[in-house]
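Notes follow once the structure below has been shown.
A, B, ... follow the sequence lines: proteins, then strands. Residue 1 opens every chain. Nothing here was measured: the structure is a model prediction, and the numbers come from that model.
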Amino acid sequence: MLRRARSLPIQKPVTMAPASFQLIAALVLRETSIVYEPRKEYLVEARLHPLAAQAGCADIDAYIQLVATDALERRKAIDALTINETSWFRDNAPYQAFTDTMLPELVTQRAARRHLTIWSAACSSGQEAYSIAMLLDQHLPAGWTADILATDVSTAMLARVEAGRYSQVEMNRGLPATHLVKYFTRVGAEFEIVPTLRRMVRTRHLNLAERFPAVGQYDVVLLRNVLIYFDQPTKHGILRRMHQHVAPGGYLLLGSSETTLDLPPDLNAMWEREQIGRVQAHRPAGSIAAPRPASSSISAALTGARP
Amino acid sequence: MTQSPMDQSPTDQRPTGQSALIVDDSKAMRSILRRIVAGLGFETTEAGHGQEALDHLEAATAIGRVPDLCLIDWNMPVMDGYTLITEIRKRPEWRNVTLMMVTTESEQGQIVRALAAGAHEYVIKPFTPDAIAEKLELLGLVSKGVLA
Amino acid sequence: MTVTQTGPALADVQAITEQVWSSFLGDEEPLLQRFDAPSAFPAEQAWSAAVSVHGGWTGSITVELSVAVAQALTHLMLATDDEPIEDADIADAVGELVNMVGGNVKSLMPGPSALTLPVVAAGRAAHATDLTEVARFDAVWGGEPVRVSVHAPRA
């Protein structure tokens with residue numbers, strides 16, 4: 001056993017072929033900007049080994065070949081190779097846009113109904129859904145109600161959302177301390193969301209790549225940082241299916257670095273793009289009824305070009 | 001109390017002209033925080049407890065270089081972090097210094113106390129570098145895009 | 001997960017230790033739980049550190065590490081690569097480790113309570129006979145032993 005001060009002894013021997021490592025490292029870099037340097041083969045192998053076994057592959061090389069062609073396995077592999085903690089109020093700007101622009105607009109539009117619906121369409125462990133719940137608690141006018149649908153392809157993630165419990169490492173990520181004390185209580189080593197917010201969120205299993213069940217229409221749909229896991233035809237199919245679930249005048253939000261360039265013309269015509277601060281929102285065509293001072297994309301919406 | 005040179009690495013942000021005072025009785029923890037905060041463009045100085053921190057703040061004020069940010073541990077000898085915050089908040093000339101506690105104290109009551117005493121933000125140990133950067137972004141001390 | 005009045009649940013001690021490890025010591029080499037450790041800490045040369053908690057709950061949290069682990073984590077925390085480190089540096093780093101683990105254990109137990117500053121020694125830990133072990137998490141890191149134990153006064 002080595003006793004050098006810096007490095008620790010014994011790592012398991014690597015069986016993965018160099019070409020396989022290059023392939024998977026390139027994929028992870030392209031999808032997530034995370035760099036896996038050559039000395040980390042053993043880590044990649046350790047993390048992919050359980051997935052390879054589940055997929056029935058003879059070895060890691062065979063599994064990586066599968067990952068190159070199968071979108072679902074690709075997503076699992078990327079999840080396994082990237083840090084899973086997500087942040088509260090991730091990227092901040094969309095939540096600011098929600099509070100400053102989208103919510104006031106929706107409150108005007110839905111004045112008769114006094115109820116808003118939100119869909120977190122790749123909810124993961126639930127930080128997105130509960131972040132929105134916190135904003136609604138703070139900014140929804142008295143007498144209004146809201147409900148949030150949180151869906152994911154992973155039942156393990158849905159269970160996490162239902163439990164509403166987070167480790168303190170997760171609690172450190174982007175959550176203002178004032179919100180921690182207001183909206184969470186300590187349970188053992190974790191923090192649990194308070195019942196008033198917990199009640200706003202319901203979960204449902206849903207695979208975006210397949211036909212959607214009849215989930216109804218939503219004023220705001222959050223489809224953030226998930227389209228990157230799909231190939232272009234699937235991505236377009238999702239945006240097509242999503243259109244009928246965004247209520248007229250509603251909003252669809254993608255991830256900060258995601259764009260919808262190169263949509264086929266008919267799909268492109270289904271959506272308008274509106275720049276809200278640093279955020280680009282998609283709205284069902286016809287939503288933008290009249291120019292607003294904050295909006296600069298009416299002409300862009302008419303021509304389909306990006307602002 | 002030591003002046004720390006800025007760490008140099010290709011990914012480090014260029015100096016932003018902002019400075020941070022790191023207050024923790026552990027050299028290892030000060031070292032970790034220094035690397036994180038210097039990597040975000042801050043010039044850093046360190047103190048091992050609350051009284052050292054006050055001494056530093058006085059000296060810095062005298063030459064017109066009040067820090068923009070203080071990272072403060074709770075449990076320290078001589079003067080703890082909670083007391084340091086109450087002392088800092090008594091001084092109008094330090095009104096604009098952002099105070100962020102970085103501590104193992106994680107009971108809700110402790111966090112409430114710290115915020116009531118004037119802490120602007122609170123990070124529970126253990127933390128990742130991203131957590132510090134995200135909190136600083138919330139506080140407006142670090143601009144968006146640094147984390148991408 | 002029930003928390004007995006005498007001490008924290010083992011699963012919580014494990015979770016806390018793993019979080020401290022992965023936050024500051026990287027996740028390249030995982031901390032792997034070990035179930036067959038002997039009662040005497042299995043390292044010929046070790047570092048140990050302890051903090052005590054007094055108040056709503058009384059007890060102590062102790063970390064024991066082989067010398068290789070102590071040196072490696074000191075290098076990681078100080079970012080000193082292969083530069084020489086002193087005993088004082090190791091004591092400081094190990095002390096901060098037990099401070100973080102102990103501080104989080106404190107917050108699991110009934111409060112309010114206070115945490116002492118860490119006491120660090122080059123060597124295995126020794127515990128007073130009026131204390132009883134209420135939780136013990138054994139692990140290996142790169143093949144080297146790590147132990148976190150919680151003690152409380154005998155009832």
Side-chain angles (χ1 to χ4, degrees), chain B residues 2 4-9 11-12 22-39 44 46 48-50 73-83 101-114 122-134, chain C residues 12 15-27 31 49 51-53 55-57 61 70-71 73-81 83 85-118 120:
Chain B
T2 54
S4 352
M6 265 209 317
D7 293 83
Q8 293 294 318
S9 99
T11 58
D12 277 0
I22 298 164
V23 190
D24 195 300
D25 58 330
S26 162
K27 174 180 168 184
M29 183 51 60
R30 292 198 304 269
S31 176
I32 289 169
L33 287 168
R34 181 190 70 229
R35 290 197 301 278
I36 293 172
V37 161
T44 63
E46 299 175 21
H49 55 71
D73 184 22
W74 194 305
N75 293 307
M76 297 181 287
V78 183
M79 181 192 291
D80 70 25
Y82 176 83
T83 308
M101 288 214 88
V102 183
T103 170
T104 59
E105 297 291 313
S106 56
E107 294 93 332
Q108 223 134 356
Q110 294 291 67
I111 304 175
V112 170
R113 278 180 72 206
Y122 201 101
V123 171
I124 302 170
K125 294 179 184 175
F127 56 85
T128 57
D130 282 345
I132 301 282
E134 282 164 0
Chain C
D12 284 337
I16 288 166
T17 307
E18 286 171 350
Q19 283 170 30
V20 170
W21 229 264
S22 63
S23 294
F24 298 114
L25 307 178
D27 52 2
L31 191 65
V51 289
S52 297
V53 178
W57 177 72
I61 298 93
Q71 290 176 343
L73 70 85
T74 302
H75 277 297
L76 282 170
M77 290 173 86
L78 293 176
T80 45
D81 284 337
E83 294 156 36
I85 49 174
E86 298 174 357
D87 275 359
D89 294 332
I90 300 176
D92 175 83
V94 175
E96 181 62 9
L97 195 78
V98 78
N99 178 50
M100 288 192 281
V101 174
N104 281 286
V105 168
K106 164 172 102 72
S107 66
L108 291 178
M109 304 307 297
S113 54
L115 191 74
T116 63
L117 296 173
V120 187

| task | I would like to know whether C/Met100 and B/Met29 meet side-chain contact (heavy atoms from CB on, under 4.5 Å); could you show each step before the answer? | result | CA-CA 10 Å; C/Met100 288 192 281; B/Met29 183 51 60; 4.0 Å; yes

| Toward chain B, the part of C/Asp89 with a non-hydrogen atom under 4.5 Å | side chain

| query | Could you state the interatomic distance from CD (B/Glu107) to OG (C/Ser113), rounded to the nearest 0.5 Å? | reply | 6.0 Å

| field | Least distance between heavy atoms, C/Phe24 atom then B/Pro126 atom | value | CE1-CB, 3.5 Å

| message | Could you measure the distance from the NZ atom of B/Lys27 to the OG1 atom of C/Thr74? Nearest 0.5 Å is fine. | response | 10.0 Å

| request: List for me each residue that meets side chain to side chain donor-acceptor pair (under 3.5 Å) alongside B/Ser26, sequence neighbours excluded, and say none if there are none. | output: C/Asp92

| Which atoms form the tightest heavy-atom contact between B/Thr128 and C/Ser23, and what is the distance? | CG2-OG, 4.2 Å

| message | Within this structure, what is the CD1-OG1 distance for the pair C/Ile16 and B/Thr104, rounded to the nearest 0.5 Å? | response | 10.5 Å

| task | Please check if atom CD in C/Glu83 has more than 12 non-hydrogen atoms from other residues, nucleotides or ligands closer than 6.0 Å. | result | yes

| message | So does B/Lys125 get a backbone contact from the side chain of C/Asn104, meaning a donor-acceptor N/O pair under 3.5 Å? | response | yes

| For B/Asp25 against C/Leu117, the heavy-atom pair lying closest together | OD2-CD2, 3.7 Å

| task | Report the distance from atom CG of C/Asn99 to atom CG of B/Asp24, rounding to the nearest 0.5 Å. | result | 8.0 Å

| Which bit of B/Glu105 comes within less than 4.5 Å of chain C, counting heavy atoms only: side chain, backbone, both or neither? | side chain

